[in-house]
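Below is one structure, written out as structure tokens, with a few remarks after it.
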Amino acid sequence: MPADNIAKIRERIAAAAERSGRDPGDVRLVAVSKTVGTDLIRQAVEAGQRVFGENRVQEALEKIAEIRAPGLEWHMIGRLQRNKAKFVAGTFSLVHSVDSAELAEELQKHAEKKGIVQRILVEVKLSEEETKGGVGADDLEALLGLITGLRNLRLEGLMTVPPFFPDPEAARPYFRRLREMRDRLQDRGFSLPELSMGMSGDFEAAVEEGATLVRVGSAIFGERVY
Ligand SMILES: *Cc1c(COP(=O)(O)O)cnc(C)c1O
């Protein structure tokens, strides 16, 4: 049941934060509800969960229209095509997956039209996997610089998806690298308080390395059926 799973995951997040000398209140749980039906999502809402992550725009729009509760936040965590930007700006509280100047400019255009400021993270690619989204480490600072000049976007931090490893400890170096990258960029003047990293199999390592947003799906809702 989502409610029991959420309670256990919150405890594990708090324990991981304490182990690393962090305040558990500085880590938010994003319940990744892609492919999950509205009945299960409602159970999570009833259990007090307020932040949900989706990776497909159309699927998310249907759920957003259907599920209403005070304080609900929907986050876009998946790869985003530019032609979907108009549906995303202003609909999602936070977009985790901005990875190109073109996408940032498209989001800017629609945020400006709607008269809103869109909060975003920049997704960083730390591995060589061709199928993954994210801007390469070498191009990151230039992209952040460009985004800083876009008045209707508010850059809040970085996100990454490491390769899948059965052993969560194998993902830890990626989490550490993202945090170190963030720290260096902050020294260079960027404000990047948020680090979105860690999923069902490795969120505790991510919290120990500094995650402020963990994106947990199957550990809450069960294995996904596509
Ligand atoms: C699906 C997904 C998750 C959640 O994965 P689980 O292993 O089910 O927790 C997290 N982040 C992104 C970007 C995803 O697409």
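Read the numbers this way: they start at 1 and go in the same order the structure lists the ligands and their atoms.
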Distances only, to 0.1 Å: what are the N or O pairs between ligand 1 and the protein that fall under 3.5 Å?
| unit_1 | atom_1 | unit_2 | atom_2 | d |
| --- | --- | --- | --- | --- |
| ligand 1 | 8 (O) | Ser218 | N | 2.8 |
| ligand 1 | 8 (O) | Ser218 | OG | 2.9 |
| ligand 1 | 8 (O) | Arg224 | NH1 | 2.7 |
| ligand 1 | 8 (O) | Arg224 | NH2 | 3.1 |
| ligand 1 | 9 (O) | Ser200 | N | 2.9 |
| ligand 1 | 9 (O) | Ser200 | OG | 2.5 |
| ligand 1 | 9 (O) | Gly217 | N | 2.8 |
| ligand 1 | 11 (N) | Arg215 | NE | 2.8 |
| ligand 1 | 15 (O) | Lys34 | NZ | 2.7 |

Kindly state each residue pair satisfying salt bridge (Lys or Arg N to Asp or Glu O under 4.0 Å) with at least one member in residues 198-221, sequence neighbours excluded. Arg12-Glu204, Arg19-Glu208, Arg172-Glu208, Arg172-Glu209, Arg176-Glu209, Arg179-Glu209
Pair Glu18, Arg22 - check salt bridge (Lys or Arg N to Asp or Glu O under 4.0 Å), show working. CA-CA 5 Å; Glu18 275 157 16; Arg22 303 183 58 208; over 6 Å; no
Where Asn83 and Lys86 come nearest, the two heavy atoms and their spacing: O-NZ, 3.5 Å
Is the shortest side-chain N to carboxylate O distance from Glu156 to Arg154 below 4.0 Å? yes
Between Arg151 and Glu112 (salt bridge meaning N to carboxylate O under 4.0 Å), is one present in this structure? no
Does Arg82 come within less than 4.0 Å of Glu102, counting only side-chain N to carboxylate O? no
